[in-house]
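The figures here come from the full heavy-atom set of this structure, side chains too, leaving out hydrogens, waters and symmetry mates.
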Protein chains: 2
Amino acid sequence: MPLPQTEIPGRLQKQLADRGIRMTGPRRAILRVIETANKHLDASQILRKARAVDRSVDRSTVYRTIGLLKRQGLIDELDLMHINGEGHYYERKLGPDHIHMACLRCGKISEFVSKTFDSLKQQLERDCRFHIVVSRLEVGGYCSACRH
Amino acid sequence: MPLPQTEIPGRLQKQLADRGIRMTGPRRAILRVIETANKHLDASQILRKARAVDRSVDRSTVYRTIGLLKRQGLIDELDLMHINGEGHYYERKLGPDHIHMACLRCGKISEFVSKTFDSLKQQLERDCRFHIVVSRLEVGGYCSACRH
DNA sequence: TTAAGTGCAAATATTTTGCTGTCAC
DNA sequence: GTGACAGCAAAATATTTGCACTTAA
């Protein structure tokens, strides 16, 4: 399990400011939602929560902000094995990279941190002379409670 | 690089027959396309190629057949880091699991087989008491020709 | 001031579904 | 014969874009 990260509120906002990126009301609302989320959210969920803060936030602004954060390398995009529909989920990039496990029966998502994962990426970079910018390892299967 | 797999033509069709799954003209065309593909194809590409064989094949049949093959564990679904749009790509499940690398500059997709990947999955199954059915490791970055 | 960001509406892309007729076994 | 599969059309879902107005720096 990844260690809970002690997060400074508004850090995401600061990271963008440090890069000279303009801050606006809708953007602030969306960043706050992503920052305080305790689970992986999709675009519609981010929209709904952001609207609870700033009523005027539009769906397209959510997508544009997600795009910005992806380009800046501040969030990761996940499929979670498409356990619910074809959309994507997002999470702050915090702490060590981790593996996402999706239970095909109960739908639970869990996370796993492993040094072997880091070694594997290093090995790939070396053996393939490939510079990794972003990586995603997802597995689908049966969790301890659901497996037979 | 994964070793090229010597493939018996019609093997996919046989695998379905062995499971008592009905064979039809459109299905045969789609299976053949997937089987003989030399690169990862998305649903639209599969449709176009299948239509070259059997003019009447419908897009929904392509999606239904992809769904069937996924449920049967005979193909893997890939995002290839969404280097082109939001769709999915498909490939025969053949030989050892491999990692997909997508170059963010030239778009080249390459593959990497590693024993470390297998160890990582074994470790996850043991440590998390999770039974893996399907896994997907994709990385985005810069290939040897494009990195600076 | 002005380049960047926004909401709104519409377009595009991707996948799924209902239905009715057909076909494999 | 019958349940599985097909094409077709339409719907559902997910994301992007053009445009005119607004705003942060």
Atom pair [atom1] ([X]) and [atom2] ([Y]), whose distance is rounded to the nearest 0.5 Å:
X        : Y        : atom1 : atom2 : result
A:His131 : A:Glu125 : NE2   : CD    : 5.5 Å
A:Arg28  : A:Leu16  : CZ    : CG    : 11.5 Å
A:Arg105 : A:Cys146 : CZ    : SG    : 5.0 Å

- Query: Is there any ring-ring contact (aromatic ring centres under 6.0 Å, His included) pair reaching into residues 26-48 of chain B, and which pairs are they, with sequence neighbours excluded?
  - Reply: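 Counting only pairs at least two positions apart or across chains, the ring-ring contact (aromatic ring centres under 6.0 Å, His included) contacts touching residues 26-48 of chain B are B:His40-B:His100.
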- Is there a donor-acceptor contact under 3.5 Å linking the side chains of B:Arg32 and B:Thr36? no
- Task: Tell me yes or no: between the side chains of B:His98 and B:Glu91, is some donor less than 3.5 Å from an acceptor?
- Result: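 Their side chains do contain a donor-acceptor pair, which is all the 3.5 Å distance test asks for.
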List the residues meeting salt bridge (Lys or Arg N to Asp or Glu O under 4.0 Å) with [X], not counting sequence neighbours, and say none if there are none.
X       : value
A:Glu77 : A:Lys70
B:Asp18 : B:Lys14
A:Asp42 : none

- Query: Partners of A:Thr116 by side chain to side chain contact (heavy atoms under 4.5 Å, CB included), sequence neighbours excluded?
  - Reply: A:Ser114, B:Thr116, B:Leu120, B:Gln123
- side chain to side chain contact (heavy atoms under 4.5 Å, CB included) with A:Arg59: which residues, sequence neighbours excluded?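 With neighbours one apart ignored, the set is A:Ser44, A:Leu47, A:Tyr63.
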- Name the first nucleotide and the last nucleotide along DNA chain D (5' to 3') that come under 4.0 Å of a heavy atom in chain B.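 Contact boundaries, 5' end first: D:dG3 to D:dT16.
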Go through [range] and report each residue with a non-hydrogen atom lying under 4.0 Å from DNA chain D, sorted by number.
range                     : value
residues 41-54 of chain A : none
residues 20-28 of chain A : A:Arg22, A:Met23
residues 64-80 of chain A : A:Arg64

- Message: If hydrophobic residues (ILVMFWY) are linked whenever their side-chain heavy atoms come closer than 4.5 Å, directly or via other members, who joins A:Tyr89 in its cluster?
- Response: A:Leu78, A:Leu80, A:Ile109
- Message: Tell me the interatomic distance from B:Leu16, atom CG, to C:dA24, atom P, rounded to whole angstroms.
- Response: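 So the two atoms are 16 Å apart, to the nearest Å.
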- Are more than 12 heavy atoms from other residues, nucleotides or ligands located less than 6.0 Å from atom CZ of A:Arg19?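 Counting neighbours around CZ of A:Arg19, more than 12 heavy atoms of other residues, nucleotides or ligands fall under 6.0 Å, so yes.
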- Give me the bend of the helix from C:dT1-D:dA25 to C:dC25-D:dG1, using the axes of the five pairs at each end, rounded to 10°.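 Overall, the helix from C:dT1-D:dA25 to C:dC25-D:dG1 bends by 50° from one end axis to the other.
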- Task: Take A:Tyr63 and B:Ser56, find for each the nucleotide of DNA chain D with the closest heavy atom, and name the residue whose nucleotide sits nearer the 5' end.
- Result: B:Ser56
- Item | Contact under 4.0 Å: A:His82 side-chain N or O vs C:dT15 OP1/OP2 |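 So the side chain of A:His82 is outside the cut-off, no N or O lying under 4.0 Å from OP1 or OP2 of C:dT15.
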- Does a side-chain heavy-atom distance below 4.5 Å link A:Tyr90 with A:Leu41? no
- Item | Quiz item: cation-pi between B:Lys115 and B:Phe117, 6.0 Å / 45° | no
